Amino acid sequence: MEKIRLSKLMSEQGLCSRREADDYIARGWVKVDGEVVSELGTKVLPTQKITLEKAAQAKQQGRVTILLHKPVGYVSGQAEEGYKPAILLLDAATRWEQDTAPQRFHRSQLLGLAPAGRLDIDSTGLLVLTQDGRIAKQLIGEDSPIEKEYLVRVQGKLVGNGLALLNHGLSLDGKKLKPAKVSWQNEDQLRFILVEGKKRQIRRMCEMVGLRVTALKRVRIGKVRLGELPQGQWRYLREDEKF
């Protein structure tokens with residue numbers, strides 16, 4: 001059995017991100033088979049037991065994950081082309097008054113807070129921003145199985161086999177798309193459930209079958225729903241919520 005880098009194995013096991021793993025290793029917060037490992041680049045066997053010291057666990061528990069109902073006109077990540085990043089919407093005044101999480105908001109929670117997945121500038125709905133590398137990996141890892149659900153208003157005339165193609169049969173950027181779940185909700189609205197998130201994927205898929213998207217809203221990521229969270233407001237991910 002071949003040895004692999006400890007940080008890579010920690011990430012694969014969902015203990016933390018690779019960057020966090022290197023930090024924990026350097027601080028002496030990681031044990032392999034009960035022995036502290038503090039040298040970066042150490043390789044171990046996949047069968048060896050990895051545990052985190054209480055200091056690392058406490059640091060993880062202090063990290064926040066925020067659910068934002070993103071409006072149109074904001075980009076998910078860094079500012080671009082004069083548009084504002086969604087993180088600017090986060091302050092004490094825009095926290096949803098019905099949020100029951102015990103945390104109190106302070107500006108330090110914005111440090112290292114990054115979107116776990118995209119939601120394009122013309123779209124609204126659920127955007128996850130997190131300081132927790134485990135959640136980021138869970139949602140945007142290359143083989144993430146987490147479903148994302150969207151309500152999509154469209155105009156145009158769907159080609160004859162268009163619905164079947166939307167479910168499975170289209171390619172983008174020279175690569176076949178994974179199977180989706182697409183169904184009509186009413187005469188001008190489709191429901192999309194995807195397990196991948198290529199740039200402007202739904203809009204491009206619709207264009208390929210004769211439709212134009214006029215509105216797009218993400219309403220669910222995994223088991224977490226947008227629910228009644230008002231547009232432009234946010235809340236914390238609760239301890240009892242899992243994606």
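No hydrogens, no waters, no symmetry mates; every other heavy atom, side chains included, goes into these values. The shown structure was predicted, so the numbers you read here are calculated from the model rather than taken from an experiment.
Remark: Arg63 engages Glu20 in a salt bridge, criterion side-chain N to carboxylate O under 4.0 Å. Salt bridge Arg200/Asp122: present, at least one basic N to carboxylate O contact under 4.0 Å. Looking at Arg203 and Asp120, a side-chain N of the basic residue comes within less than 4.0 Å of a carboxylate O on the acidic one, giving a salt bridge. Ionic pairing of Arg212 and Glu207 is not present here: no N-O contact between side-chain nitrogen and carboxylate oxygen is shorter than 4.0 angstrom.
Remark: aromatic rings of Tyr236 and Trp96 are distant, center separation not under 6.0 Å.
Of all the heavy atoms in Asp22 and Ser7, the pair that sits closest is OD1-CB, 3.4 Å. When every heavy atom of Glu53 is checked against every heavy atom of Gly28, the shortest pair comes out as CG-O, 4.0 Å. For Gly232 against Thr94, the heavy-atom pair with the smallest separation is O-CB, 3.8 Å. Counting all heavy atoms, side chain and backbone alike, Leu111 lies closest to Gln131 at O-NE2, 2.8 Å. The heavy-atom pair separating Leu229 from Leu68 by the smallest distance is CD2-C, 4.1 Å.
Counting heavy atoms of neighbouring residues, nucleotides and ligands inside a 6.0 Å radius, atom NZ of Lys176 exceeds 12 of them. The environment of Lys175 atom NZ is sparse: at most 12 non-hydrogen atoms of other residues, nucleotides or ligands sit within 6.0 angstrom.
Without hydrogens or angle criteria, Thr65 side chain to Leu237 main chain gives no donor-acceptor distance under 3.5 Å. Counting only distance, with no hydrogens or angles, the side chain of Glu241 and the backbone of Val224 share no donor-acceptor pair below 3.5 Å. The closest donor-acceptor contact from the side chain of Trp29 to the backbone of Ala21 lies at 3.5 Å or more, if one exists at all. Within the 3.5 Å criterion, the main-chain N or O of Ala164 finds no donor-acceptor partner in the side chain of Asn161. The main-chain N or O of Thr47 is never found under 3.5 Å from a side-chain atom of Lys49 such that the two would form a donor-acceptor pair.
With no hydrogens or angles considered, a side-chain donor-acceptor pair links Gln185 and Ser183 at under 3.5 Å.
When the side chains of ILVMFWY residues are joined at heavy-atom separations under 4.5 Å, either directly or via intervening members, Trp184 and Val182 end up in a single hydrophobic cluster. Both Val159 and Leu172 belong to a single network of hydrophobic side chains, linked directly or stepwise wherever heavy atoms of I, L, V, M, F, W or Y lie under 4.5 Å apart.
Once rounded to the nearest 0.5 Å, the distance linking CG of Leu226 with CG of Leu151 reads 9.5 Å.
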Practice item. List the steps, then state whether salt bridge (charged side-chain N to carboxylate O under 4.0 Å, His left out) holds for Asp23 with Arg27. Key: CA-CA 6 Å; Asp23 179 43; Arg27 292 171 182 260; 2.9 Å; yes
